Amino acid sequence: MDPIRKLVDGRLRPGLALALSLLGAAACGETPGAEAREAAVADEPWFGVVLPPGLTPHGLEVISERGAAPAVVPEGEARFTELAGSAIQADLATIVGFSHESRTSREVGDGLLWGRITGLPSGNQTVEWAAERLRAAGVADVELQRFDQSANASIWLPLSWEVRLLADPAFGTGSQDVVLESAMPLSGEIPAEGLTAPLVYVGTASPAELAHVDVRGKIAVQKAIPQGHTVFVRSPVGPRADALLERGAIAVLTVIDLPGNMRVRDIGCGGGTCFNLGARDGLFLETVLGAAAEAGRPDVVRARLQLSSERRGGLSAANAVAVIPGSARPNEYVVVNAHADAWFDGAGDNGDGLAVTVALARHFARPEMRQERSVVFVASAGHHSSGLSGPGSFVSMNPDIVEGTVLVINLEHTAQRHITPARSEHPDGYRQWTMDAHESPIVAGISNSAPFLEDVVRRGIERYGTNFVSGANTMASGEGGSYTRAGLPVFTAMQGPPMYHATGEVLEMVSTPGLERMARFTAFLVKEVSRAPASSIDPQ
Ligand SMILES: [Zn+2]
């Protein structure tokens, strides 16, 4: 097969191979003959590579034609209508609405970044809404506990930016600049006039690859391929961006191979200038770089980066805290925590956990559902904004509750639908993704490895069909850190799916039956824990 054809594997428009051979001939100093001149007429912009699709802010780039598996309702539990998926989904839609407002109001700069941001109106309004919902659930004791950002702490917010591929006549007649709209800056500073440099593709930027590549003075393009859990690529990919900068790259673009063309606000570098790119922008860029390399002109593709940002300090936030007193041991507590903050729409991180927590408050506020121990619901301000820790503030502001807490249950990303690569492709050749009938795998972390809690998880899977992973572990990340540091045992339900800190994490990504599954399972867990001996919950 022709090497160029093989390279781009059908992603080119007709005429590309001829345009490329012409480019190659010019590079070698040959005079194009009549045949080549004729071909030049047929040449097309950007080597004939299909242009990337841009970014659809709240769009879902996943095939979702078939619905999710229904929730399992064990005998006797049908009357718990407050745990029905439809009711929880309605709250989730409201929660996601705070993020939409953040974007339309341009809460941050030009509105390219949005969310429910701790310390900004979007985050604070979400927590205030949660407090109202907890009161409306029938809980008498609901407090909005306000706190200030630590002195000297600040959050970095990118206000406006652009990653622009600069057109060159060598790419083909009619080539015009292409702005990669999925670009998301993670850190860095760029002078007002921008940063212009050639691009260099470095694969996964492993030492073996970098031994053959000179990145000095160039913008390095590396690739990250998450497998199931996006968080798992953080630790290898971030340091590799740092290594590229140390070797002299002036910036790093990380293509994250996930559905569609999303902005992803994760996997940073150590403070240098780095951006993430969505997969379809990434495919375009890789194909163009490949075509230029095949033509013997690897340095001809250049980009201009622009970025303005600010640091915000002196902010304040709040937790909403609701207490339902226990009937037998009111000074002992089961705490259910969910963080309210999010990047972008955040339907799965952590809109679903928060909506389930509000539903659980409705459930346990029913007089006949009163438990032996007190149940506390925390809509936490979150943990993304430096110096504004929701769980840390809860621990320091509620010493009596912490003293009597037998278990913290942290619901953090719990009902997003599972996705896998589809059999079909987008028009540019990028593989589509599709949902299946279940939730993305849920890690059940038990910080103290208590056999009793392990047994509740096992029975919960049998009873409700929750999609917990098989491997036992002590994970208590996200909000859990502040609680484990306070010496409390923590049960964490957490997904780390492909749609993570990404613009694709929209309302439709969350399973309505999955919300119900998690609500019913967690209600079961709270009841089991509330009547268990303390020595079973935390054997020491
Ligand atoms: Zn989270």
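What you are looking at is a predicted structure, and each value in this text was computed from that prediction instead of being measured. Every number for a ligand or one of its atoms is a count from 1 in the order of the listing.
Between Phe524 and Phe521, the ring-plane angle classifies as tilted under the 30° and 60° cut-offs. Ring-plane geometry between His384 and Trp343 is classed as parallel, the angle between the planes falling under 30 degrees on a 0 to 90 degree scale with a further cut at 60.
The NE2 atom of His339 and the OD1 atom of Asp349 subtend an angle of 90° at the Zn ion (ligand 1), given to the nearest 10 degrees.
Nearest to the Zn ion (ligand 1), among the N, O or S atoms that His413 has, is NE2.
Remark: Glu454 does not engage Arg458 in a salt bridge, criterion side-chain N to carboxylate O under 4.0 Å.
Two residues are said to be in side-chain contact when any heavy atoms from C-beta on lie closer than 4.5 Å; Leu407 and Leu453 meet this criterion.
None of the N, O or S atoms belonging to His384 lies under 2.8 Å away from the Zn ion (ligand 1).
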